[in-house]
Amino acid sequence: MNLQKINWSEFQTLDSVYFTPTDFAETLDGGQAFGWYRDDENENAYTGLFDSNLFKLRLNDSGNVEFAHASKKHKIIIASLKKYLDIERDYDILRKKLFKIRDTHLNKELHSRPTLRILNQPINETIIAFICSSSKRIVQIKQCLWLLRKNLGSHIAGDFYSLPTFEKIANAPLEKILDCKLGFRAKYLQQSAQKILNDSFDLNNLSSMPYLEAKKYLTGLSGIGDKIADCILLFGAQRFEAFPVDTWIIKSCEKLYGISNPNQIRTFAKNHFGEYAGYAQQLLFASS
DNA sequence: CGACAGGTCGGTA
DNA sequence: TACCGACCTGTC
């Protein structure tokens with residue numbers, strides 16, 4: 001990774017956001033997002049990006065987030081980071097509601113993960129990332145996205161590129177997408193990009209539409225089933241009722257609640273965890 | 001070297 | 001509606 005040519009700003013502190021080191025790592029690099037790279041020297045520091053915003057993030061001794069950026073537009077880029085970290089959200093309220101469920105397993109995770117957050121990512125990036133994620137390990141997903149950025153995206157600074165737009169993906173030769181090691185996901189990604197454009201669908205609607213309607217639109221795209229749709233809704237549209245059921249959650253729910261059927265798990269999650277099921281999912285996921 | 005992977009799709013019963 | 005193999009290809 002080439003960080004030399006990048007003009008970093010001075011580090012500034014975000015007073016309102018703090019993490020335990022474990023939660024910091026889990027939030028940035030635990031499977032929600034795939035654009036953060038841990039620094040070699042400091043294990044509580046990451047370099048990463050979303051849209052065309054490039055950041056260094058690190059924890060200070062108090063657990064506050066400090067950031068440096070590589071842009072001249074200070075105010076705009078700080079606002080975008082605050083949005084990304086979803087600093088307006090009151091996690092105390094959310095966590096108290098989950099505590100009230102009186103679920104022993106959940107309470108244990110709430111206790112050991114006091115500062116876990118759900119990132120508020122650009123919706124297009126979550127669609128691209130999670131189409132790439134099917135049947136892949138996290139390192140491979142990161143590799144695919146790195147290549148998509150490099151081969152089809154726009155240059156930001158150093159070795160960093162933004163993810164390509166849906167226009168770019170829709171019109172690219174399929175071979176160029178295949179070169180990004182997407183395998184059978186390449187045509188899924190291209191077809192989804194084409195459909196979103198053809199529908200003239202405003203992806204911002206996914207955060208305001210009825211949950212089932214939003215999910216139905218997403219699963220109507222190619223390469224997106226129940227699990228990936230819920231990831232997109234949770235990480236890209238702030239739909240906390242979305243409960244992605246992946247192999248880890250299945251194992252976890254089988255062990256903790258004796259349920260192993262994905263549809264039964266979704267029903268259980270809706271009834272048991274309710275409006276913040278997605279946050280519970282992240283807690284259970286982190287425990288696995 | 002072979003099995004399997006933060007799943008989805010299409011066909012079958 | 002529910003179950004199953006195929007799907008690309010890099011890790012383990």
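A quick note: this is a predicted structure, and the numbers were derived from the prediction, not measured. Chain identifiers are assigned alphabetically (A, B, ...) following the order of the sequence lines, protein sequences preceding nucleic acid strands; residue numbering begins at 1 within each chain.
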Exercise for the section: Output yes when a side-chain donor or acceptor of A/Q238 lies under 3.5 Å from a complementary backbone atom of A/L119, and no otherwise. Expected result: yes

Practice task
Please say whether more than 12 non-hydrogen atoms of neighbouring residues, nucleotides or ligands are located less than 6.0 Å from NZ in A/K255.
Solution key: no

Handout entry: Interatomic distance, A/Q264 CD vs C/dT1 P [rounded to whole Å]
Key = 15 Å

Exercise for the section: Please state how far atom CD1 in A/I232 lies from atom C1' in B/dT8, giving the value in whole angstrom units. Expected result: 12 Å

Handout entry: Aromatic ring pairing A/H69/A/F67, orientation class (parallel under 30°, perpendicular over 60°, tilted between)
Key = parallel

Check the interface with nucleotides 2-6 of chain C: list each N/O to N/O pair with the protein under 3.5 Å, or write none.
none

Exercise for the section: Kindly state which residues belonging to residues 183-198 of chain A come within less than 4.0 angstrom of DNA chain C, counting heavy atoms of the residue only, listed by number. Expected result: A/G183, A/F184, A/R185

Practice task
Please state the P separation for the pair C/dC8 and B/dG11 - nearest whole angstrom.
Solution key: 15 Å

Exercise for the section: Mind listing the closest non-hydrogen atom pair of A/R266 and A/F243 along with its distance? Expected result: CG-O, 4.4 Å

Fill in the blank from the handout: Between A/L221 and A/G31, whichever has its closest DNA chain B nucleotide further toward 5' is A/G31

Fill in the blank from the handout: Assign each of A/S222 and A/Q281 the nucleotide of DNA chain B bearing its closest heavy atom; nearer the 5' end lies the nucleotide of A/Q281

Problem - Within one Ile-Leu-Val-Met-Phe-Trp-Tyr cluster: A/I156 and A/I77, side-chain cutoff 4.5 Å - result: no

Problem - Whether over 12 other heavy atoms sit under 6.0 Å from A/F268 CZ - result: yes

Practice task
May I ask you to check whether A/F55 and A/F50 place their ring centers less than 6.0 Å from one another?
Solution key: yes

Exercise for the section: Please report the shortest heavy-atom distance between A/A186 and A/L178, naming the atom on each side. Expected result: CB-CD2, 3.6 Å

Exercise for the section: Take atom NZ of A/K181 and atom P of C/dT11, then tell me their distance rounded to the nearest Å. Expected result: 6 Å

Problem - Set of side chain to side chain donor-acceptor pair (under 3.5 Å) partners for A/K136, sequence neighbours left out - result: none

Practice task
Answer with base, sugar-phosphate or nothing: what part of the nucleic acid does A/G223 contact at a heavy-atom distance below 4.0 Å?
Solution key: sugar-phosphate

Problem - Side-chain donor-acceptor pair present, A/Y91, A/D86, cut-off under 3.5 Å - result: no

Handout entry: Whether A/N64 side chain and A/N60 backbone form a donor-acceptor pair below 3.5 Å
Key = no

Practice task
Write down the distance between CD1 (A/I177) and P (C/dT9), rounded to a whole number of angstrom.
Solution key: 14 Å

Completion exercise
Symbol by symbol from the 5' end, with Watson-Crick or G-U pairs under 3.5 Å, [ ] crossing and | another strand, DNA chain C is |||||||.||||

Completion exercise
Separation of C/dG10 atom P from A/W146 atom CH2, nearest Å, is 19 Å

Practice task
Mind running a 4.0 Å heavy-atom check of residues 121-142 of chain A against DNA chain C and sending the residues that fall below it, in number order?
Solution key: A/R137, A/Q140

Exercise for the section: Take the angle between the ring planes of A/W36 and A/Y84 and call it parallel below 30°, perpendicular above 60°, tilted in between. Expected result: tilted

Exercise for the section: Can you tell me the distance, in whole Å, between the CG atom of A/D246 and the P atom of B/dA5? Expected result: 12 Å

Handout entry: Between C/dC7 and B/dC1 - P atom distance, rounded Å
Key = 23 Å

Handout entry: Aromatic contact, A/Y211 with A/F240 (centres under 6.0 Å)
Key = no

Handout entry: Separation of atom CD in A/E175 from atom C1' in C/dC8, rounded to whole Å
Key = 15 Å

Handout entry: Pairs flagged by salt bridge (Lys or Arg N to Asp or Glu O under 4.0 Å) wherever residues 124-134 of chain A is involved - sequence neighbours left out
Key = none

Exercise for the section: Quickly work out the A/K215 NZ to B/dT8 C1' distance and round it to whole Å. Expected result: 13 Å

